[in-house]
Amino acid sequence: MRKFFAQPLEEKRKVRKDEKKAVGYYDNEHTKNVRDWKEVFDFVADKRILMAASHEPEDKEVPETFNQWPDYPPELRESCEEYAREVEKLAYKLMELIALSLGLPASRFSSFFEDPTRSVRLNHYPPCPAPHLALGVGRHKDVGALTILAQDDVGGLEVKRKSDGEWVRIKPTSDAYIINVGDILQVWSNDVYESVEHRVTVNSEKERFSIPFFFSPPHCTMVKPLGELTNEQNPAKYRAYNLGKFLATRRQSNFKKLDVENIQISHFKVQELANELDGALSINKK
Ligand SMILES: O=C(O)CCC(=O)C(=O)O
Ligand SMILES: [Fe+2]
C-alpha cells in the first residue's frame, strides 16, 4: 500500500477511477461538496461490480465494471484479495452477533448477504501544510451496513458524540479494528443502532494510512426497518429505499461540487415527511 501511494501521480492515475470505472485510484474526492485531503485506492472483493448507472428511477441499467489493479507493486492484488477474504468472515460473524443483540435469530441477516457488496478502500492522508484548514475526510456517516476499519498508529479519526456534539478522538489501538455501524443497519434496526458521524483530521508532519472494509447488501436491495422490530406502538421510522439508486444519487456528488446537500437516510424518515407536510399545510393555511 505504501509502495503504491509513493509512486508519481502519473503512475497512480493509470488505474484512475472515474464516472464509468467504479473503482481504482482517486485523489479528488469530495465529502459534502468539500474536497478531502487524501488519495484513495478502491477495490471490491468480487469479480465484477454491479452498480445502478444513474439515480433516475426509470433507468434500469446496471453496467458491470471491474477492479483495476496497478502493475506496481505486483504483490498488491494478492494481498488485497486475501485481506478482503479474511475480514469478510469477521463481517458475517458481526452481523450474526448484531442479530442476536436485537433479539433475532443469528441468521436473520444472512439472506441480505448472499451476494453482498464488499468494497475496500486504501486511504492515504499525506501531511497537510495547513491542517486547521482541511479535513482528511469531511464529516459523514458510512452508507453501508457495517464498516470494519483498520488504521495505523498516527490517529486522526474523530467521532461525533451525540450528547454534546463534541468531536471525540479515537485513539489508535494496535491490532484492533474499529467497527462503524452504517446507515443500513440504522434503518434495519429502526434506530436501535445508530450510524455514527465521523471525520478524519490531518496533521502537518505525519502521513496516515487506513483501510475501511465496507459491508453491504446488493444494490437491488430495498432497505427498510425489519418487520419483527416494528409494531403499532413502534412503527417503522423509515420508508423503504432502493440502495442502488440511493448510492447513485450520492455518487454524483463525489465527482463534482454540487450546490445541494447530498442525499441522506434522514430524507426517508417518516417523521420528517410528516413535519414537512405539516409545514406545507400551515403555510397554506396562512
Ligand atoms: O481513515 C479513517 O479512519 C476513516 C475513513 C472513513 O471514514 C471512510 O473512508 O469512510
Ligand atoms: Fe467513513
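Order of listing sets the numbers, starting from 1, for every ligand and every atom in it.
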For the pair Glu158 and Arg199, find out whether any cationic side-chain nitrogen is under 4.0 Å from an anionic carboxylate oxygen. yes
So if I apply the side-chain hydrogen bond (donor to acceptor under 3.5 Å, both in side chains) rule between His140 and each of Lys32, Glu197, His198, which one comes out positive? His198
Quick check on contacts: which atoms of ligand 1 are under 4.0 angstrom from a heavy atom of Pro212? 9 (O)
Just checking Tyr238 against Phe268, ring centres under 6.0 Å apart? no
So which protein heavy atom does atom 4 (C) of ligand 1 come closest to, and at what separation? Val200 CG2, 3.6 Å
Assess, by modelled atom type and distance only, whether the side chains of Gln151 and Tyr177 contain a donor and an acceptor separated by less than 3.5 Å. no
Of the non-hydrogen atoms in Val143 and Phe246, which two are nearest, and what is the gap between them? CG1-CE2, 3.8 Å
Flag yes if more than 12 heavy atoms outside Lys224 fall under 6.0 Å of its NZ atom; otherwise flag no. no
Can you find an N or O of His198 that's nearer than 3.5 Å to an N or O of ligand 1? yes
Any donor-acceptor N or O pair under 3.5 Å, side chains Thr230, Asn190: no
Member of Val270, Asp191, Val187 meeting the side chain to side chain contact (heavy atoms under 4.5 Å, CB included) criterion with Lys237: Asp191
Honestly, for Phe209 the part within reach of ligand 1 (heavy atoms, under 4.0 Å) is neither
State the atoms of ligand 1, each with its element, that fall below the 4.0 Å cut-off from a heavy-atom position in Asp142. 10 (O)
Flag the pair Trp69 / Phe41 as yes when their ring centroid distance falls below 6.0 Å, and as no otherwise. yes
Compute the angle centred on the Fe ion (ligand 2) spanning NE2 of His198 and OD1 of Asp142, and express it rounded to 10 degrees. 90°
Can you check whether Arg208 has an N/O within less than 3.5 Å of an N/O in ligand 1? yes
Nearest to atom 2 (C) of ligand 1 by heavy atom, Gly156, Gly144, Ser210: which? Ser210
Residue selection (non-hydrogen contact nearest atom 8 (C) of ligand 1) among His140, His124, Glu158: His140
Considering only heavy atoms of Phe214, which atoms of ligand 1 have at least one such atom less than 4.0 Å away? 9 (O), 10 (O)
Please work out whether any backbone atom (N, CA, C, O) or any side-chain heavy atom from C-beta onward of Thr147 is under 4.0 Å from ligand 1, and answer side chain, backbone, both or neither. neither
Numbered atoms of ligand 1 (with element) below 4.0 Å of Asn123, judged on heavy atoms: 1 (O), 5 (C), 9 (O)
Check Leu149 against ligand 1 and report side chain, backbone, both or neither, counting heavy atoms closer than 4.0 Å. side chain
When you measure from atom 5 (C) of ligand 1 to every protein heavy atom, which one gives the shortest distance, and what is it? Tyr125 OH, 3.4 Å
